[in-house]
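Let me give you the structure first, and then I'll get to my questions.
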Amino acid sequence: MEQTPAAATAAETGATPKLRELFREDWLVGAAVNRDTIVSHADLLDVHFNSVTPENEMKFASLHPAENVYAFDDADAIVRFARERGMNVRGHTLVWHNQTPDWVFSEDGDPDRPADRDTLLARMKAHIDTVVRRYRGDVYAWDVVNEAVADEGPDVLRDTKWLRIAGEAYIAKAFEYAHEADPDALLFYNDYNECQPAKREKIYGLVRSLLERGVPVHGIGMQAHWNLFTPAPNDIRAAIERYASLGVQVQITEMDVSVYGHEDRRTDLREPTGEMLRLQEERYRQFFAVFREYRDVISGVTFWGVADDRTWLDHFPVRSRKDWPLLFDTRHRPKAAFRAVAELARPKP
């Protein structure tokens, strides 16, 4: 009889080191969770993690689907789960161009009539006030603005409705509103492709300009959606050093390591090949070796998921293609990549 994931893990837990204990002196160890996985993956969460990030449940569209309607049940359940276990919570995310409902940017619900600048900023403030104050004391850090920097070209900022209507000041306003709502929370700017040199410099320049104006930015979140081939360890080092030079915290906020290269569009695999797992093990070893070099500035490492049976990469960038990007397999057992990471946490004799 095949073991369930929970049973398989329970049988091995005694011999498996706990991630949260291995890195207790270094950083918080987090996982992205949702209303389902706090139940289905509680076996791993209880043992290995001391921080959680709601995967979608605190995004604008989830919490605030209509102007006078808030939906807190799912986010509340995650916060309650964390509180009962003494876990930290990262809030994700207050302002983003995706998963923000159309009403936020429109006049009287008419998508053909854009809201004016004052209306949009007032709506942003009302949303941030309501959400951040509700979770004050439970959420220790917020991804305040997410993915506002352009990937390519000369422009620093991504072309979004936030930018078109409110101008670049919307970013500073978001941080100011969040700080007013909870002066004790750590406030992060969060982005992906954060190790690519051109985008790294844009992120650095944006955060530097905010800090020079006295905007309360406390950290930069490196999403770390990486794969078997990119980024190079030296590019990660360069990014961490560049961001840390601003005097802010650095956190790894959404880590996973896809077994596919960026251009690989195969859909025929039903399980990872041995070579994929070998390369993934080596990549996790490389990445965590770099993290250990910078443990004085890295305050958290969060994986975007808990185990390979539930990962957003099953639907991105190729829809309905199975991926295996995390440290625990589809039966919740530690992979070779887990063992590589655990070995790096142990002090050398």
Inset, instruction - Decide if atom NZ of K173 counts as having more than 12 heavy atoms of other residues, nucleotides or ligands within a radius under 6.0 Å. - result: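 Atom NZ in K173 is not packed in, count stays at 12 or less.
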Inset, instruction - Show the numbers, then the answer: is there a salt bridge (Lys or Arg N to Asp or Glu O under 4.0 Å) between K322 and D314? - result: CA-CA 5 Å; K322 184 63 193 153; D314 288 347; 2.9 Å; yes
Inset, instruction - Output yes when D309 and R331 qualify as a salt bridge under the 4.0 Å nitrogen-oxygen rule, no when they do not. - result: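 A salt bridge is absent here (no side-chain N lies under 4.0 Å from a carboxylate O).
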Legend entry - Donor on one side chain, acceptor on other, Y192 and D151, under 3.5 Å: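 Short answer, yes.
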Inset, instruction - Quick one: do S62 and E57 satisfy side-chain hydrogen bond (donor to acceptor under 3.5 Å, both in side chains)? Show the steps, please. - result: CA-CA 6 Å; S62 299; E57 288 76 4; over 6 Å; no
Inset, instruction - For H92 and N146, test the side chains for any donor-to-acceptor distance below 3.5 angstrom and give the result as yes or no. - result: no
Legend entry - Atom of Y170, atom of A148 and distance for their closest heavy-atom approach: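 Minimum heavy-atom separation between Y170 and A148: OH-CB, 3.4 Å.
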Inset, instruction - Group every Ile, Leu, Val, Met, Phe, Trp and Tyr by side-chain heavy-atom contacts under 4.5 Å, then state whether Y204 and V207 land in the same group. - result: yes
Legend entry - Polar contact flag, side-chain donor to acceptor under 3.5 angstrom, D323-S258: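 S258 and D323 do have a side-chain donor-acceptor pair below 3.5 Å.
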Legend entry - D155/K202 ion pair, N-O < 4.0 Å: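 Salt bridge between D155 and K202, a charged N being under 4.0 Å from a carboxylate O: no.
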Legend entry - Residue pair N227 / H262, side-chain donor-acceptor N/O under 3.5 Å: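 Absent: no donor and acceptor within the cut-off.
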Legend entry - Residues, nucleotides or ligands: over 12 heavy atoms within 6.0 Å of E168 CD: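 Count not over threshold, so no.
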Legend entry - Any I240 side-chain heavy atom under 4.5 Å of V297 side chain: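 With C-beta onward as the side chain, the pair touches.
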Legend entry - R90 NZ/CZ over F188 ring centroid, <6.0 Å and within 45° of normal: yes
Legend entry - Residue pair L269 / W324, side-chain heavy-atom distance below 4.5 Å: yes
Legend entry - salt bridge (Lys or Arg N to Asp or Glu O under 4.0 Å) between R266 and D268, worked out: CA-CA 6 Å; R266 281 180 292 173; D268 59 331; 5.1 Å; no
Legend entry - Between Y294 and D296, a side-chain donor and acceptor under 3.5 Å: no
Inset, instruction - Flag the pair K335 and E281 as a salt bridge only when some basic side-chain nitrogen lies within less than 4.0 angstrom of an acidic carboxylate oxygen. - result: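 Answer for the salt bridge query: no.
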Inset, instruction - Would you please classify the geometry between the W304 ring and the H225 ring as parallel, tilted or perpendicular, with 30° and 60° separating the classes? - result: perpendicular
Inset, instruction - Verify the distance criterion only: is there a donor paired with an acceptor across the side chains of D235 and Q196 at less than 3.5 Å? - result: no
Legend entry - F72: ring-ring contact (aromatic ring centres under 6.0 Å, His included) partners, not counting sequence neighbours: Y70
Inset, instruction - Consider only side-chain N and O atoms of R283 and Q286, and report whether a donor and an acceptor are under 3.5 Å apart. - result: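 Side-chain D/A pair, R283 to Q286: present.
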Inset, instruction - Kindly give the heavy-atom pair with the smallest separation between R285 and L344, and that separation in Å. - result: O-CD1, 3.0 Å
Inset, instruction - Just say parallel, tilted or perpendicular for the rings of F60 and H127, cut-offs at 30° and 60°. - result: parallel
Legend entry - Pair D182 + R133: basic N to acidic O under 4.0 Å: no
Inset, instruction - Please determine which of R35, K59, R80 meets the salt bridge (Lys or Arg N to Asp or Glu O under 4.0 Å) test together with D74. - result: R35
Inset, instruction - Apply side-chain hydrogen bond (donor to acceptor under 3.5 Å, both in side chains) to T253 and Q223, showing your working. - result: CA-CA 5 Å; T253 56; Q223 290 187 12; 5.7 Å; no
Legend entry - Distance-only polar pair, side chains of Y243 and E194, donor-acceptor under 3.5 Å: no
Inset, instruction - Quick one: list whatever passes side chain to side chain donor-acceptor pair (under 3.5 Å) with E293, sequence neighbours left out. - result: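 Testing E293 for side chain to side chain donor-acceptor pair (under 3.5 Å), a comparison that skips the adjacent residues, returns R237.
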Legend entry - Flag side-chain contact, heavy atom, 4.5 Å: V248 against H218: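 When only atoms from C-beta onward are counted, H218 and V248 do not touch, as no gap falls below 4.5 Å.
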Legend entry - Donor on one side chain, acceptor on other, W96 and D143, under 3.5 Å: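 There is no such pair (donor and acceptor under 3.5 Å, judged by atom type) between the side chains of W96 and D143.
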Legend entry - Shortest non-hydrogen contact from D46 toward R20: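 That closest heavy-atom pairing would be O-NH2, 3.3 Å.
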Inset, instruction - Fit a plane to each ring of F291 and W226, take the angle between them on a 0 to 90° scale, and name the class: parallel (under 30°), tilted (30 to 60°) or perpendicular (over 60°). - result: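 Ring orientation of F291 relative to W226: tilted.
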